Visitor: 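One structure is given below, represented as structure tokens, and several questions about it will come after.
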There are 2 protein chains.
Amino acid sequence: MSRDAATDPRQEILRAAARLFQEQGYDATSMNDVATALNLSKGGLYHHFQSKDEILFDLMDHAMDITQDQVLGPVKAIADPEQRLRTLIRRHIAVVLSEREREITVMLHENHPLSPGLRKRINARKKEYIHFLENLIAEVQRTRPAAGKPKVTPRAAAFALLGMINWIYQWYRPEGSLQEESLVEQYTAIFFQGAFA
Amino acid sequence: MSRDAATDPRQEILRAAARLFQEQGYDATSMNDVATALNLSKGGLYHHFQSKDEILFDLMDHAMDITQDQVLGPVKAIADPEQRLRTLIRRHIAVVLSEREREITVMLHENHPLSPGLRKRINARKKEYIHFLENLIAEVQRTRPAAGKPKVTPRAAAFALLGMINWIYQWYRPEGSLQEESLVEQYTAIFFQGAFA
DNA sequence: CTAAGAACCGACCGGTCGGTCGGGCCGTAC
DNA sequence: GTACGGCCCGACCGACCGGTCGGTTCTTAG
């Protein structure tokens, strides 16, 4: 039978590594740090992973899985384009802020040179997300009869939205005054109507 | 008499280091790399800087100087709040995209642990920028009589705008189809009226 | 019980890193 | 001339890194 996810050693290692990479950065975290955090020796750690890069890749790939499951999947089930976009914003912010899903911020920040093959796989998944968002924005634009033709291309709008949200990890502190729910509403308002509506 | 800026060895070193840090990252760039890029030995390099951290700090401090000179300074001279904000967006984007000012992206991306004292100085300058932007947005909100009270706080709007712009370095390629002028107009439009105006 | 394989340990390796140091070169002052 | 300081070289150091390896312990199937 398959492994219980809670005690699968690879999953545990990935969780610990994600925490350390997020706190100290990938380069500043040694394999010894990861092993020690798990009450393991470095040799023991290498029994489960072949290399440090493999850990990073698995982490990033897992981060894309999370995005797929928590954002893209649920969102695709929504019929109305505008509601679909609003939900995407809400869920994307939720994933970035999630304490449990530290892989996401690691993936957003680290751009350590993986082997070209692995790098391509991650980039392909990122691009898939961008294109989905781009198409979704284009769809919403079509349902909203603007006065003239819209000034903003779906592509630029997609990058702007991703920037707004993906930058949050740089300044957000859970103990701060700006809470998740308020953030979702305000960012949604800015993207749909601007900061001065 | 004071040094000519073009031949000041410290400035030359900072330029070279900025280029390498941007291309390969701070950790992945050795002092030997920096020295070699300048046809210098590592020992010679250490004649001008005491440590690698000192280079990084000077780089970041210089990046804040550039922001001061190229963005904050010129913008403060503009009387009309809305024009002031529009110019800030334009100039902030210009600085992030500037090929000559690589210090900026290094500062945006690297968060290597500097000594607490140095770190505080950089953070203080960043906060000063944020507060200026926050106040400017509040001022524009006052000049624009919104229907009800504005839904968006100046603080959230400031972070959203900074995220949009500071994230650009993650995806922008000068040879791409989206050019600086178009980017400025579209980002400005999104921030003022949303993506669907 | 035994045997086998997974899990793990800890010593170790080659290499690289940031940083040091003693000394050499060279323009300038006297 | 010579003494001196700025500038620079290149050999070197200790620490640490990612990764390896031979061997030990634990688990489990038969």
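Basis for what follows: all heavy atoms, side chains included, without hydrogens, waters or symmetry-related copies. Owing to the predicted nature of the structure, the values given are computational and were not obtained by experimental measurement. Numbered from 1 within each chain, the chains take letters A, B, ... in sequence-line order.
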Visitor: In the hydrophobic clustering that connects Ile, Leu, Val, Met, Phe, Trp and Tyr at side-chain heavy-atom distances below 4.5 Å, which members other than B/Met60 occupy its cluster, ordered by chain and number?
Guide: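 B/Ile13, B/Leu14, B/Leu20, B/Phe21, B/Tyr26, B/Met31, B/Val34, B/Leu38, B/Leu40, B/Leu45, B/Tyr46, B/Phe49, B/Ile55, B/Leu56, B/Phe57, B/Leu59, B/Met64, B/Val106, B/Met107, B/Leu114, B/Leu118, B/Ile122, which link up through side-chain heavy atoms under 4.5 Å apart, make up the rest of the cluster.
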Visitor: Return the set of residues passing side-chain hydrogen bond (donor to acceptor under 3.5 Å, both in side chains) with B/Glu82 (not counting sequence neighbours), or none when no residue passes.
Guide: B/Arg86, B/Arg144
Visitor: Ignoring hydrogens and angles, write down the donor-acceptor pairs under 3.5 Å from the side chains of residues 169-177 of chain A, residues two or more places apart or on other chains.
Guide:
| from | atom 1 | to | atom 2 | distance (Å) |
| --- | --- | --- | --- | --- |
| A/Tyr169 | OH | A/His109 | ND1 | 2.8 |

Visitor: Between A/Met31 (CE) and C/dC12 (P), how many Å, whole number?
Guide: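 Nearest whole value for this atom pair: 21 Å.
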Visitor: Distance check needed: D/dG19 P versus A/Phe49 CZ, whole Å only.
Guide: 13 Å
Visitor: Under 4.0 Å between a side-chain N or O of A/His48 and OP1 or OP2 of C/dC8?
Guide: yes
Visitor: Taking only N/O atoms, report every protein-nucleotides 9-11 of chain C pair under 3.5 Å with atom names and distance.
Guide:
| from | atom 1 | to | atom 2 | distance (Å) |
| --- | --- | --- | --- | --- |
| C/dC9 | OP2 | A/Ser41 | N | 2.7 |
| C/dC9 | OP2 | A/Ser41 | OG | 3.2 |

Visitor: For A/Ala156 versus B/Gln186, what's the shortest heavy-atom pair and its separation?
Guide: CB-OE1, 3.2 Å
Visitor: What pairs with B/Ser30 under side-chain hydrogen bond (donor to acceptor under 3.5 Å, both in side chains), at least two apart in sequence or on another chain?
Guide: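 Checked B/Ser30 against side-chain hydrogen bond (donor to acceptor under 3.5 Å, both in side chains); matches are B/Asp33.
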Visitor: Between D/dG18, C/dT20, C/dC8, which one does the side chain of A/Ser30 approach most closely?
Guide: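 For A/Ser30, the side-chain atoms sit closest to D/dG18.
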Visitor: Pairs under 3.5 angstrom only: tabulate donor-acceptor contacts from the side chains of residues 92-105 of chain A to other protein residues two or more places apart or in another chain.
Guide:
| from | atom 1 | to | atom 2 | distance (Å) |
| --- | --- | --- | --- | --- |
| A/His92 | ND1 | A/Tyr129 | OH | 2.8 |
| A/His92 | NE2 | A/Asn166 | OD1 | 3.0 |
| A/Ser98 | OG | A/Arg100 | N | 3.1 |
| A/Ser98 | OG | A/Glu101 | N | 3.1 |
| A/Ser98 | OG | A/Glu101 | OE1 | 3.4 |
| A/Arg102 | NH1 | A/Gln22 | OE1 | 3.2 |
| A/Glu103 | OE2 | A/His62 | ND1 | 3.1 |
| A/Thr105 | OG1 | A/Gln22 | NE2 | 3.2 |
| A/Thr105 | OG1 | A/Arg102 | O | 3.0 |

Visitor: Let's see if you can work this out: which of C/dC8, D/dG18, C/dG18 has an atom nearest to the side-chain heavy atoms of A/His47?
Guide: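 The answer is C/dC8.
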